[in-house]
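Convention: sequence-line order gives letters A, B, ...; per-chain numbering from 1.
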Protein chains: 2
Amino acid sequence: MNKGKERQIPPSVVRRLTRYLAILQELRSRRTPWVSSSELADWLGLTSSTVRQDLTHVNFRGISRKGYDVEGLAATLAKTLGADTTWSVAVVGAGNLGRALALHEEFARRGFHIKGVFDSDPAKIGRRIGSFRVMDALTLPRFVHEKKIDIGIIAVPSQAAQQVADLLIAGRIRGLLNLTQTHIIAPKKVPIVATRIVSSLQELAHLIKRRHSL
Amino acid sequence: MNKGKERQIPPSVVRRLTRYLAILQELRSRRTPWVSSSELADWLGLTSSTVRQDLTHVNFRGISRKGYDVEGLAATLAKTLGADTTWSVAVVGAGNLGRALALHEEFARRGFHIKGVFDSDPAKIGRRIGSFRVMDALTLPRFVHEKKIDIGIIAVPSQAAQQVADLLIAGRIRGLLNLTQTHIIAPKKVPIVATRIVSSLQELAHLIKRRHSL
DNA sequence: TAGATTGTTAATCGATTAACAATC
DNA sequence: TAGATTGTTAATCGATTAACAATC
């Protein structure tokens, strides 16, 4: 039943697989039939060795002298990443960021379907955001459970992050995307991925400073 | 003039330094005077070895039996990361995401001051977003140059990303934060940091799938 | 003083790159 | 066929962890 030995892909590799997939989807829409490891590498600022090494984690073989079949590799990567199925998502936080996420059509195009938007601020509960009506965060556990929500996106102020995570976890959420600065604690069963915009800006500020002091 | 040998901090370390700083600022506001490497490690899911190793890159010593002075370490980290100065920022893209960023007060609190919001869609140019009036993206080179903008945040649709980056670069931008899925090419002089929300969701989807197929 | 925690060196682990035979 | 590109093994590089003497 299990396809092979391609289990347990390291996080750094998974991250790059998402990048390959984005490019392959682009190439597919341009009807480019083949792509080589060195082309992929050049576009992403990697070495072709890294690309080929990465692709050993995935059940798809290239062809000498031609490279990889764009269509087939895209399909295989999508499957590996779970991008071939649809995921139900709850957005928590109806501030500017939550609003933007709820209205962002790209998520649905990529298979991440937002099913509800939540907040704990009474002033925000009941408001409309696109086709959504903001719901009380306290109803999250039931909502997540009943609607079989897979993923919770946390876009609340930092102080509320853990609280909101606990509500999602109580509803048996399967994974969390943490957009706050705070570190969230969850049972090992519940994977968390974090993207911190402020941290990224600080990282960038550091790089700029460094350039200048060379 | 140069403080010591603490040049060229690896990216993985820089990323963690931003996390330490966030915690230290929190502790400072709670008037906690000291913190140990193992406390920091526990909060972030690291080992105390990693924390101490990371802090060797920074010009600050702890004290045996007490740990690190919160106030002093926070100041040193802020300086290393450039979080002690203010940065001028241009947001490009006046869609939902750009709007959210422009209205997000936290950036200013962290020293990243948004000076203008841009778009190339005529329907968006001239609109108000908070206290901003959306400007034509074609005016970016002059604006960046004249207002001495340090950082450009790219929040446009993927197809427009490189174009917009080129305009920022033409104005001699010092660094870019890329919020699109696309890989942006820039001269080595211009550091780029990317945060891809869709990639993060895909990474999460993969982790969820993996848990379930154990 | 006794003991907790640092800074640092050495050991381990993992990820990236190089190299090249296999192959289309 | 000749030559470009793969898959894979080995070498290198870098990052994390372990260990422990120094020290407050």
Under 4.0 angstrom, heavy atoms only, what part of the nucleic acid is B:T47 near: base, sugar-phosphate, or nothing? sugar-phosphate
Need one value for B:S37: base, sugar-phosphate or nothing, where a base atom within 4.0 Å counts as base even if backbone is also close, heavy atoms only.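 Sugar-phosphate: the residue B:S37, judged by heavy atoms under 4.0 Å, touches backbone atoms but no base.
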Is the closest side-chain heavy-atom distance between A:L81 and B:K209 below 4.5 Å?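 In short, these two side chains do not touch, never coming nearer than 4.5 Å.
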If we check side-chain contact (heavy atoms from CB on, under 4.5 Å) with B:I149, which of these qualifies: B:V144, B:I114, B:L140?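 For B:I149, the side-chain contact (heavy atoms from CB on, under 4.5 Å) test succeeds with only one of B:V144, B:I114, B:L140, which is B:V144.
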Rounded to whole Å, how long is the line connecting atom [atom1] of [X] with atom [atom2] of [N]?
| X | N | atom1 | atom2 | answer |
| --- | --- | --- | --- | --- |
| B:L55 | D:dT16 | CG | P | 13 Å |
| B:W34 | C:dA4 | CH2 | P | 18 Å |
| B:I9 | D:dG14 | CD1 | C1' | 16 Å |
| A:R52 | C:dT17 | CZ | P | 12 Å |
| B:R16 | D:dG14 | CZ | C1' | 12 Å |

Taking the basic N atoms (NZ, or NE/NH1/NH2) and the acidic carboxylate oxygens, is any pair closer than 4.0 Å for A:D150 and A:R174? yes
Nearest to the side chain of A:S36, which nucleotide is it out of D:dT8, D:dT6, D:dT16?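 Among the listed nucleotides, the one closest to the side chain of A:S36 is D:dT6.
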Taking atom types as they are modelled, is there a donor-acceptor pair under 3.5 Å from the base of [N] to the side chain of [X]?
| X | N | value |
| --- | --- | --- |
| A:S64 | C:dT23 | yes |
| A:S49 | C:dA18 | yes |
| B:Q53 | C:dT8 | no |

If you find the nucleotide of DNA chain D closest to A:R65 and the one closest to A:G62, which residue's nucleotide is nearer the 5' end? A:R65
Hey, can you tell me if A:F118 and A:F143 have their rings parallel, tilted or perpendicular (30° and 60° cut-offs)? perpendicular
Is there a Watson-Crick or G-U wobble partner for D:dT5 with both distances under 3.5 Å, and which nucleotide is it?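 Base partner found: C:dA22.
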Is there a Watson-Crick or G-U wobble partner for C:dG14 with both distances under 3.5 Å, and if so, which one is it?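 C:dG14 is paired, partner D:dC13.
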